[in-house]
**Student:** 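My structure is below; once you've seen it, I'll send some questions.
Just the heavy atoms: all of them, side chains too, but no hydrogens, waters or symmetry mates, feed the values below.
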Amino acid sequence: MPHVYEVLRRPVMTERNTELMQQGRYTFEVASSANKIQIKEAVEKAFPDVTVMAVNTMNVHAKARRQNTRIRGFRTGWKKAIVTLAPGQRIEIFEGV
């Protein structure tokens with residue numbers, strides 16, 4: 001299995017994801033080659049006091065990067081994982097951000 005921080009790249013903090021955190025769902029940017037089983041094991045290893053109930057993944061497609069009126073290339077695409085924890089569990093490092 002790859003190292004935890006090779007699978008989990010960074011947490012994604014947006015307004016929508018803040019609402020999901022109240023439901024026990026946390027969003028991470030993950031390696032594009034990672035599957036759901038690897039993501040679940042990485043979250044449980046990085047945060048040992050939580051139990052992952054479900055993992056949903058999606059690919060965020062590349063978008064055009066513009067400068068003035070011209071397209072100057074593309075932002076890179078990435079993979080996003082929404083991790084659902086067992087009821088009543090939280091990841092404390094996300095709280096209060």
Side-chain angles (χ1 to χ4, degrees):
M1 175 175 160
H3 191 268
V4 173
Y5 298 112
E6 291 175 4
V7 175
L8 298 177
R9 298 252 169 97
R10 66 179 179 93
V12 179
M13 299 302 293
T14 63
E15 188 173 343
R16 180 174 188 273
N17 294 332
T18 305
E19 293 175 8
L20 286 176
M21 286 180 356
Q22 296 171 356
Q23 302 170 10
R25 301 175 79 187
Y26 295 86
T27 307
F28 295 93
E29 179 181 339
V30 296
S32 59
S33 61
N35 60 32
K36 292 182 180 186
I37 296 168
Q38 291 173 334
I39 294 167
K40 177 181 177 179
E41 291 174 356
V43 170
E44 289 178 344
K45 190 179 279 188
F47 309 102
D49 55 339
V50 300
T51 304
V52 175
M53 300 301 289
V55 177
N56 296 11
T57 60
M58 61 201 77
N59 288 313
V60 178
H61 297 288
K63 297 180 183 177
R65 180 178 289 178
R66 297 175 192 195
Q67 186 173 13
N68 299 335
T69 58
R70 299 180 148 189
I71 295 177
R72 296 284 183 167
F74 289 88
R75 294 183 186 164
T76 58
W78 51 285
K79 189 170 188 176
K80 176 166 65 170
I82 299 175
V83 177
T84 305
L85 302 182
Q89 293 187 342
R90 305 179 93 93
I91 297 177
E92 297 298 326
I93 197 166
F94 283 87
E95 304 302 323
V97 175

**Student:** Can you tell me which residue pairs pass the salt bridge (Lys or Arg N to Asp or Glu O under 4.0 Å) test with a partner in residues 20-37, sequence neighbours excluded?
**Tutor:** R10-E29
**Student:** Please lay out, stage by stage, how F28 and V43 fare under the test side-chain contact (heavy atoms from CB on, under 4.5 Å).
**Tutor:** CA-CA 10 Å; F28 295 93; V43 170; 4.2 Å; yes
**Student:** Are V60 and V30 co-members of a hydrophobic cluster defined by side-chain heavy atoms under 4.5 Å apart?
**Tutor:**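 Hydrophobic grouping puts V30 apart from V60.
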**Student:** In Å, rounded to the nearest 0.5 Å, how long is the span from NZ of K45 to CG of L8?
**Tutor:** 11.0 Å
**Student:** Can I get a per-line list of side-chain donor-acceptor pairs under 3.5 Å for residues 47-57, giving both atom names and the distance, sequence neighbours left out?
**Tutor:**
none

**Student:** Kindly compute the distance separating CE (M21) from CD (E19), expressed to the nearest 0.5 Å.
**Tutor:** 10.5 Å
**Student:** Look up atom CE in M58 and atom CH2 in W78, then write down how far apart they are to the nearest 0.5 Å.
**Tutor:** 9.0 Å
**Student:** Please report the closest heavy-atom contact between A62 and F74, naming both atoms and the distance.
**Tutor:** CB-CB, 4.4 Å
**Student:** For A34, check side-chain contact (heavy atoms from CB on, under 4.5 Å) against everything at least two apart and list the hits.
**Tutor:** V7, A31, Q38, I39
**Student:** If you round to the nearest 0.5 Å, how far is CD of E44 from CG of L85?
**Tutor:**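 So the gap between those two atoms works out to 9.0 Å.
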